[in-house]
Amino acid sequence: MPELPEVETIVRGLIIQMQTPIITDVTIYFSKIIADHQPDEFRDRVIGKRIIKITRRAKYIVFHLSENWYLILHLRMTGKVIIARDGQKASRHDHLVLHLDNGTQLFYNDTRKFGRFYLTQNPAEKLGKLGPEPLGEDFKFKEFSRKLKSTQRIIKAVLLDQTFVAGMGNIYTDEALFEAGIHPEQPTSTLSRQKQKKLFTAIQNVLRKGIQNKGTTLGEGKPNYVSSDNKSGSNQHSLQVFARTGLPCPKCQRSIKKIVVAQRGTHYCSNCQRLRKK
DNA sequence: CCATATGTTACTCG
DNA sequence: ACGAGTAACATATG
């Protein structure tokens, strides 16, 4: 669920809510979510450290701790980070709690238990292979264009590849391809320069809009994504094709189709996004 | 029971 | 080497 805009929203919320607390205790209910440490070792290394800074890289949340330690969190499909007041009890699917010295606790909740914490002094090991941040200065058209030309893969698979561009997931990929008018199965090397440009811009547009709307929250009753203050986003109301199967295309009014591409549910307009031979 | 789900990665096959 | 496809992780929902 959480893609770049959702993780960015969470991080911005955490920065406002947390300041720079010291971690006074750690409760671990499900130790497999810690990727690289035994629970006791993890607690020993984390307790007493100060959270100096919180940043985002791709879909990772990076807690910068004192003494050059980094606590890196990936939420995968259903991970949530919620700040709550001291005294709040852990509930269903809470797997780890950071107790802080500012009167709050950070709960890590994850229905499907796919998320992972990485505790390291060498963050580049985990983050170094990621592609450019699409909203950062290192995302350059010239390089983007060159890489698109250099592979035979289909465009949807490439946009989901975190080493190509970092932070895109299934929702924003479908949205960007719709905005650019590109068929999800179009081989990247066949994209015209004009389509490359459109896609380059569309990626940034859909992500910026997602952040402005504080993320996409799908599902009724039990929201799949909430920010760190437990609020839903509103970007679901701005989606053009994702989760709109059978509804009219915003451009041509024809019915939005859903197919499987790169093993993922893929929403698109077969009229506005034509597969073209080159 | 079956299919599906917003992510990632290891593995197999051609 | 490359790229596509599959399974796995684990749980909930329709």
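A, B, ... follow the sequence lines: proteins, then strands. Residue 1 opens every chain.
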Exercise. Think His74(A) has a side-chain N or O under 4.0 angstrom from the OP1 or OP2 of dG7(B)?
Worked result: no
Seminar exercise, completed: From CZ of Arg116(A) across to P of dC9(C) the rounded distance in Å is 11 Å
Problem set entry | Stacked pair Phe114(A)-dC9(C), distance under 5.5 Å, angle under 30° | yes
Exercise. With sugar-phosphate meaning primed atoms plus P, OP1 and OP2, does Gly265(A) contact a base, only sugar-phosphate, or nothing at under 4.0 Å between heavy atoms?
Worked result: sugar-phosphate
For this session: Answer yes if the side chains of Asn170(A) and Thr173(A) hold a donor-acceptor pair under 3.5 Å, and no otherwise.
Result: no
Exercise. Distance between the P atoms of dA1(C) and dT8(B), in whole angstroms?
Worked result: 25 Å
Seminar exercise, completed: With the side chain defined as heavy atoms from C-beta on, Ile154(A) is closest, among dA4(C), dA5(B), dG5(C), to dA4(C)
Seminar exercise, completed: Between CG of Leu160(A) and P of dG5(C) the distance, given in whole Å, is 14 Å
Exercise. Is a side-chain donor-acceptor pair under 3.5 Å present for His99(A) with Gln105(A)?
Worked result: yes
Problem set entry | From dC9(C), dG3(C), dG7(B), nucleotide with atom closest to Thr151(A) side chain | dG3(C)
For this session: Can you figure out which of dG3(C), dT9(B), dG5(C) approaches the side chain of Arg153(A) most closely?
Result: dG3(C)
Exercise. Nearest to the side chain of Lys113(A), which nucleotide is it out of dG5(C), dA12(C), dT11(C)?
Worked result: dT11(C)
Problem set entry | Lys156(A)/Glu185(A) under salt bridge (charged side-chain N to carboxylate O under 4.0 Å, His left out): CA gap, chis, key distance, verdict | CA-CA 6 Å; Lys156(A) 172 132 182 174; Glu185(A) 292 174 302; over 6 Å; no
For this session: Among the candidates dG3(C), dG7(B), dG5(C), find the nucleotide nearest to the side-chain atoms of Glu3(A).
Result: dG7(B)
Seminar exercise, completed: Here the distance between atom C1' of dG7(B) and atom OH of Tyr225(A), to the nearest Å, is 16 Å
For this session: Rounded off to whole Å, could you give me the CD-to-C1' distance for the Gln263(A) and dG3(C) pair?
Result: 12 Å
Exercise. Do Arg112(A) and dA5(B) share a donor-acceptor pair, side chain to base, under 3.5 Å?
Worked result: yes
For this session: Look at His93(A) and dA12(C) and indicate whether a side-chain polar atom (N or O) is within less than 4.0 Å of OP1 or OP2.
Result: yes
Exercise. Lys32(A) NZ to dA10(C) C1': how many Å, rounded?
Worked result: 9 Å
Exercise. So what's dA8(C) paired with, Watson-Crick or G-U wobble, going by both distances under 3.5 Å?
Worked result: dT8(B)
For this session: Please report, rounded to the nearest Å, how far the P atom of dT8(B) is from the CZ atom of Phe164(A).
Result: 16 Å
Exercise. Quick one: is dG7(B) close enough that its OP1 or OP2 comes under 4.0 Å of any side-chain N or O from Gln162(A)?
Worked result: no
Exercise. Is it the case that His267(A) and Asp174(A) place a side-chain donor and acceptor less than 3.5 Å from each other?
Worked result: yes
For this session: Looking only at side-chain atoms of Lys59(A), point me to the closest of dA5(B), dC9(C), dT8(B).
Result: dT8(B)
Exercise. From dT8(B), dA10(C), dA12(C), pick the nucleotide closest to the side chain of Arg76(A)?
Worked result: dT8(B)
Problem set entry | Length of the line joining Ile33(A):CD1 and dT11(C):C1', which is rounded to integer Å | 15 Å
Exercise. Just by distance, do the side chain of Glu175(A) and the backbone of Val241(A) share a donor-acceptor pair under 3.5 Å?
Worked result: yes
Exercise. Expressed in angstrom and rounded to an integer, what is the separation of Arg264(A) atom CZ from dG5(C) atom C1'?
Worked result: 14 Å
For this session: Measure from NZ or CZ of Lys197(A) to the centre of the six-membered ring of Phe141(A) and say whether it is under 6.0 Å with the direction within 45° of the ring axis.
Result: yes
